[in-house]
Each structure stands twice: as C-alpha cells, then as structure tokens.
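Order of the sequence lines fixes the chain letters, A, B, ..., with proteins taken first and strands second; residue numbering starts at 1 for each chain.
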Amino acid sequence: MNGLSGGSDTPAPLILRNARIVDPSCGRDETGAVVVADRRIVAVGPDAEAVARTPDAQAIDCAGAVVAPGLIDMRVFVGEPGAEHRETLATAGDAAVAGGVTTIVTMPDTDPVIDDIALVDFVTRRARDETRVRVLPTAAITRSLEGRELTEIGLMREAGAVAFTDGRRTITDAGLMRRALTYCRDFDALLMHHTADPNLVGDGVMNEGETATRLGLPGIPREAEIVVLERDMRLVALTGGRYHAAQISCAESLDVIRRAKDRGLPVTCGASINHLTLNEGDIGSYRTFLKMSPPLRNETDRLAMVAGLGDGTVDVLVSSHDPQDVETKRHPFAEAADGAVGLETLLAAGLRLVHDGSVDLPTLLRALTSRPADILGLDVGRLTPGAPADLIVFDPDAPWVCAAETLKSRSKNTPFEGARFQGVVQHVVVAGARLATYADESVTA
Amino acid sequence: MNAPHTAPATVFPHRHLLGIEGLQPPEIELLLDRAEEALAVSRRVEKKTATLRGRTQINLFFESSTRTQSSFELAGKRLGADVMNMAVATSAVKKGETLIDTAMTLNAMRPDILVVRHQAAGAAELLSQKVTCSVINAGDGAHEHPTQALLDALTIRLRKGRIAGLVVAICGDVLHSRVARSNILLLSALGARIRVVGPSTLLPLGIDRLGVKVHNDMRAGLTDADIVMMLRLQRERMTGNDVPSVREYYRYFGLDEAKLAVAAPDALVMHPGPMNRGVEIDSAVADGARSLISEQVEIGVAVRMAVLEALAAHLPDD
C-alpha cells in the first residue's frame with residue numbers, strides 16, 4: 001500500500017523549489033530546492049536543480065514554506081493489537097501524516113504485549129500493509145511487561161525492534177534493570193525507560209502541590225521520577241548499557257541527565273510536547289484529557305524543560321500519542337485513564353515555542369528529526385543526498401484552530417481542544433511518495 | 001433577626017452548589033441567613049412547607065452515608081419535595097456502568113435536584129456538565145463538602161455571634177478531608193483565622209498556600225483557639241499507613257480535656273461525624289458542655305433546606 005516496500009511503482013521524481021530548507025543534521029537553514037528521485041534525496045540547496053537534472057520531475061513551488069526532514073515520533077501508543085476501537089495502525093498512520101510525522105516508534109503496551117519475535121513481525125507486517133508512514137516497533141524488556149523475566153532481546157532486535165521498553169511501566173527491581181542494561185549492551189540495543197516509582201506515585205493522579213491540594217486530588221511528587229532516574233544513571237555507569245529516559249517532566253530530572261551526560265554516560269532523554277507547552281493549571285476543573293504520566297508539572301518546571309530543549313539536554317520531543325476513548329476518559333479525574341493523543345498537534349504545539357521566541361526552528365526540528373534518528377540509528381531524519389526521501393513542507397505561520405472532531409486519530413482525547421496554532425503541514429513525502437494531507441482537503445483553509 | 005450585613009445579596013446566583021470555591025462572601029451570608037430562617041421552621045410542630053411541592057429530588061450516593069443522606073432527605077421532605085434515595089454503591093456501578101451513564105439515566109427521569117456524593121474529586125462538577133437539573137455536591141473525594149462547611153459556619157455564628165476574627169483550629173486528617181477544604185475556604189472568606197493541626201503525613205503539600213497556619217504540635221495549634229474542629233480519621237489509615245497506631249495518634253492528636261485546656265476559655269468543639277471516640281476525640285469532650293456536635297446535626301438540616309430553596313429559585317416553572 002505504501003511506497004516503503006520497493007517494487008516497480010517507483011514514484012516520479014519530485015522537485016520542491018523556493019523553500020526554506022531546514023536540516024538540523026547538518027546545520028542547514030537556507031533557501032533553495034530539494035530534488036527527490038528513486039525514493040531518495042538527490043540534491044539539496046540553492047543549486048540543487050542544476051546539480052540533479054530530472055526533466056520528468058513534478059515540481060512544487062513551496063512559496064517560501066519550510067522543507068524539513070519528516071518528523072520522527074519516538075513514543076506512540078497504538079491500539080493494535082487489542083484495542084482497535086481506540087486506534088489502529090491505519091488510523092495512527094493517518095494521524096501521523098496529518099501531523100507531518102513520517103516515522104512512528106510504537107510502544108509494546110498492546111494486547112498481547114509485543115514481547116515475542118512473532119509479534120514484532122506482526123506489527124511490522126500490519127504497518128506495511130495498512131499505513132503510509134514508517135512504523136518502527138519497540139518490544140518489551142520483560143515478558144508481559146511484568147517486570148520479572150527478560151524477553152528475547154537479541155532475537156527481537158533482529159526481527160526489527162528498534163528499542164526495548166516496558167512502555168508505561170517502570171522497572172522497580174534494580175537488579176533486573178541492571179541485567180537488562182547489561183544484556184542490552186551486548187546487542188547494542190537501546191533501553192527506553194518510563195521513570196515513575198509506583199510506590200511514590202501511590203494513588204497520585206496529578207502533580208503534587210498547591211493545585212492538587214485545592215482540587216482535593218492526591219499528588220504525584222517529582223521524586224517519583226527523579227529517584228528512578230538517579231538509580232538508572234548509577235546502573236548505566238555500572239553496565240555501560242545505552243539508555244534513553246522516555247519522558248522527563250521536571251527541572252531536577254534535567255539536572256540528573258546533564259550530570260550523566262557530563263560524565264560521558266550513554267544517556268539521552270525525551271520529553272513530551274505536552275510538558276513543554278502545558279502546565280498543571282491547564283487541568284482547570286478536572287479536564288481528564290490533561291491527565292497523563294508523568295503528570296503536567298508547574299510553570300517553573302515547564303520553563304526549565306523549554307530551556308532544556310534549547311541547550312540540548314532534552315534530546316528528543318515526542319507526542320506520547322496515547323489514544324483513549326470515552327470509556328476510559330469520561331470519568332471523574334482520579335478514575336480516568338492517563339494519556340493524550342498528539343501526533344497531529346506535535347509540530348504545531350512545538351512551533352508555539354518558536355513563535356514565542358523560546359527556541360529557534362532548527363533547535364525544535366533537531367529534537368524531532370536528527371536526534372531521534374541518531375539515537376535509533378536510522379538513515380531518515382535528514383535531508384542529505386542519498387538519504388531516504390522522507391520530508392515535509394509546512395507553513396510555520398499559517399493559523400488554525402484545533403478541533404477534536406476533525407482529528408484523524410480514532411480517539412479524540414486531545415489536550416489542545418480549541419487551541420489556536422500556527423503551523424500547517426502542506427506536503428508529506430515518505431520514501432519519495434507524496435501523501436495526501438490536511439492541506440489537500442482544505443480542512444485548515 | 002440578624003445584624004445587617006454589608007452588601008447583602010438577595011438572590012443566590014448559582015444553579016448548582018458544587019463547592020465553596022467560587023462563592024462570594026455575601027452569597028455565603030445569604031445562605032446562612034436563609035438557613036437561620038429554616039431553623040426556626042424546623043423547630044415548629046408543623047415543619048412542612050410547600051416551597052418544593054411537585055419537585056423531585058434524587059439523593060445519589062456512591063459512598064454510603066447515614067447522616068448526610070438523611071439530612072438531605074429530611075430537608076427535601078420538609079420543603080415538600082418528592083425525595084428518592086439511590087444507594088449506588090451496591091448497584092449499577094458494580095456492573096461497570098460509569099458515573100455519567102448512571103447520571104444520564106437518572107436525568108432522563110427528569111429530577112429537579114440531584115444531590116451527589118462520590119469518592120472522586122470533581123465528580124459533582126462533572127455531573128453538573130452533563131445533566132439538566134441542579135446539582136448539589138454532598139461530598140466529592142477529598143475536594144469539597146460545601147453544605148458541611150455552611151452548617152459549621154452557621155453553628156459557629158449562632159454560638160459566637162460572628163465568624164470574623166475567630167481563631168479556628170482544624171485538627172486531624174486534613175489530607176483526606178473534604179470537610180477541611182470547604183471549611184478553610186468558607187471560614188477564611190468570612191474573616192476567620194485558620195490553623196490546621198496534624199501529623200505531616202496527614203497534611204497535604206501546599207496547604208499553607210491556602211492561607212492557613214500549619215501546626216504539627218497540638219498544644220501550639222490549639223493555644224487560644226476559639227473553635228476546635230476535629231476531623232474523622234478513617235480506620236484503615238490508623239494502622240501503619242499514615243499513622244502507626246491508634247494509641248500513638250490519640251496520644252499526640254486526640255482531643256481530650258488536657259489538650260483543650262490551652263484553647264480559649266470559651267472555646268467550642270466541633271466534629272462533622274461520625275466520631276471515633278478514643279481515636280480523635282475523647283468521650284468526655286465529645287459529650288461535654290463545649291461540644292457543638294448535636295447542634296451541628298440539627299443545623300445541618302436547616303442549611304440543606306436553605307440550599308435546596310436557593311437552587312429551586314432557578315428551576316424552570318411551567
């Protein structure tokens with residue numbers, strides 16, 4: 001169905017001209033053209049069209065819009081298999097295209113859990129048949145995500161798992177974490193970890209502090225995140241395993257990551273765009289679509305996280321796309337499920353940080369393209385000749401209003417309902433093939 | 001009847017009573033004044049009026065409650081409403097029906113007023129967004145219990161003649177207490193000075209930001225207090241979860257005559273009930289001359305009558 005599997009139907013060459021080309025992988029930010037042929041990028045820059053002669057190419061005048069590598073989202077929950085009523089690979093793929101995301105990294109928290117080579121293979125095949133974007137599965141570190149026995153990390157890595165994670169779960173057993181990191185190191189496998197000590201989280205449902213106290217909701221201390229993160233840094237130092245903190249949310253976690261990087265440990269971290277653009281105050285009167293793990297923190301933490309993106313402490317931004325439906329969200333706050341959809345708003349929400357002057361566009365895009373590509377060892381996420389032609393064109397200034405009912409995702413639990421955004425994706429190209437976007441349907445007109 | 005108040009409100013402007021938060025002091029005073037009138041009605045032989053005749057009130061209790069539910073039931077009946085009690089703790093919710101589905105089902109029966117108690121903070125507000133009738137919060141998790149705070153305030157006002165300037169010590173399990181939150185909001189809005197007293201494991205982080213003074217020592221917390229308001233400690237929290245044992249809790253935070261001695265000489269003792277005698281309060285204090293505990297129960301009915309009446313003013317007439 002998509003152009004990823006090769007075959008004879010190679011898409012026609014493509015010229016994207018009159019564009020602002022932003023490629024953080026090589027520090028490029030200039031006006032010019034990108035030429036695509038045979039599913040790959042052929043030439044980039046002011047003289048690209050002269051370098052690469054493609055007379056049969058389809059030319060698109062970008063009219064000054066930005067051309068960037070397609071976004072890579074390292075934390076996406078999909079309902080397939082097991083909860084297709086919330087999201088299938090097909091609908092997640094449509095949501096990704098709408099948001100300019102050309103590669104999604106799926107989490108293993110499905111039913112059944114992705115903890116076996118056959119299941120890694122299932123996701124890969126279903127994705128190839130059902131979606132138009134690249135889908136890279138992660139697999140569980142422990143069987144059934146139970147935090148007890150290691151999975152077949154070597155075999156699943158061969159089968160295509162790009163990283164190993166227990167998804168929403170935290171591995172509380174330090175001895176097991178040590179073995180997992182040690183074993184991952186032998187296969188050069190990346191371990192991604194959601195750090196939230198379940199005992200410190202307790203029955204907490206939002207950030208601990210004044211707001212939680214006013215709302216009468218049990219709080220989650222920052223220490224639930226920090227304690228596990230600090231433990232993990234010690235274990236990385238002990239084992240040398242490659243470690244990625246899936247999402248951090250507060251100022252002190254940034255300090256932990258900074259110190260680890262200063263020591264030269266093989267550590268990176270991610271943050272969800274929610275934690276850089278929203279805070280606990282947005283929960284207002286118990287809006288369950290803003291209930292997530294880690295919880296939204298206060299404005300001081302948000303500002304620290306934005307600064308962490310600016311100085312590179314935060315390596316990657318993710319949507320942490322987590323489709324939930326009425327049955328899991330239409331409850332009192334404490335009883336509602338965690339999670340928010342985000343594939344379609346990842347770029348637009350991120351551009352808020354550019355528009356308000358917090359970071360520049362290449363810094364934002366680095367965390368959405370070249371950094372995740374580097375961490376996962378991918379050849380996409382860059383606009384260099386020879387790289388696969390995964391790229392997007394977007395107008396960073398075009399305004400739109402987020403309306404849940406127009407989302408492509410099967411679930412509508414967006415924390416940005418009614419939000420005013422600037423930044424519209426106009427073209428999405430995956431492996432040299434142009435895919436239809438919102439702009440084609442003039443939904444955003 | 002009462003000393004005139006500054007800027008008296010004459011109409012209660014809200015369709016629901018979801019919490020004390022969001023109420024202006026004159027609106028609170030209005031409810032207290034009306035409750036005082038209702039108290040007089042409640043003390044007559046003929047206690048029944050026709051204010052709510054033809055109206056349907058449903059008491060939807062997801063947590064079991066004897067006193068609050070019967071207080072609301074009596075209040076509704078004294079105003080002439082048809083009152084139905086729904087104990088949901090044992091029915092549909094166990095079968096997987098959500099709070100909202102239950103509420104929508106009841107809403108389809110066209111009640112005029114829904115009185116809701118639920119274990120989750122924000123439940124009453126959530127319901128108010130989904131139903132067409134008026135909603136009264138009879139307790140939502142550890143968030144609010146507005147009618148309890150109103151009845152506490154009226155009890156204090158009747159005995160002390162005022163609220164402004166009084167020192168009120170709220171003691172015990174503040175962390176899990178909706179009564180404490182509503183009282184802090186209401187009594188500070190009317191000018192009382194609030195202290196919270198308890199072990200730190202039972203005080204929520206950031207409580208000081210609500211404008212209260214925090215004490216971990218009962219003696220310091222009760223010194224010169226005009227009102228000592230005790231909170232109930234749930235049984236499951238007494239055995240090593242939040243406090244190590246009943247006897248240790250009683251030793252440091254149980255209210256007895258000795259601890260009460262440091263309070264103001266005319267200090268009064270309150271408790272929202274049900275009491276754990278010998279845990280948070282000594283029987284001699286609970287039944288003593290300074291105890292307002294029975295008065296609180298009587299005034300509770302009057303306050304709920306006042307609230308029902310105030311909200312009924314917003315109900316559509318044919």
Under 3.5 Å, which donor-acceptor pairs link chain B to chain A? Give each pair on its own line with the distance.
residue	atom	partner	partner atom	Å
B:Asp101	OD1	A:Arg330	NH2	3.1
B:Gln119	NE2	A:Glu335	OE2	3.0
B:Glu125	OE2	A:Ser285	OG	2.9
B:His143	ND1	A:Tyr286	OH	3.0
B:His143	NE2	A:Tyr286	OH	3.1
B:Arg181	NE	A:Thr213	O	2.6
B:Leu205	O	A:Thr213	OG1	2.5
B:Arg209	NE	A:Glu210	OE1	3.4
B:Arg209	NH2	A:Glu210	OE1	3.2

With sequence neighbours excluded, residues passing side-chain contact (heavy atoms from CB on, under 4.5 Å) with B:Pro244 = B:Glu248
Heaviest contributor of heavy-atom pairs below 4.5 Å to chain A, chosen from B:Ala120, B:Gly122, B:Ala123, B:Gly206, is B:Gly122
Go through A:Pro221, A:Gly209, A:Gly216, A:Pro218 and name the one with the most non-hydrogen pairs under 4.5 angstrom from chain B.
-> A:Gly216
Which heavy atom of B:Ala121 sits nearest a heavy atom of A:Leu217, and at what distance?
-> CB-CD2, 3.5 Å
Sorted by chain and residue number, the side-chain contact (heavy atoms from CB on, under 4.5 Å) partners of B:Val279 (sequence neighbours excluded) come out as B:Leu233, B:Met238, B:Val246, B:Tyr249, B:Asn276
Contacts of A:Ala260 meeting side-chain contact (heavy atoms from CB on, under 4.5 Å) (sequence neighbours excluded), chain-then-number -> A:Met233, A:Leu265, A:Val267
Can you tell which part of B:Ile207 gets under 4.5 Å to a heavy atom of chain A, answering side chain, backbone, both or neither?
-> both
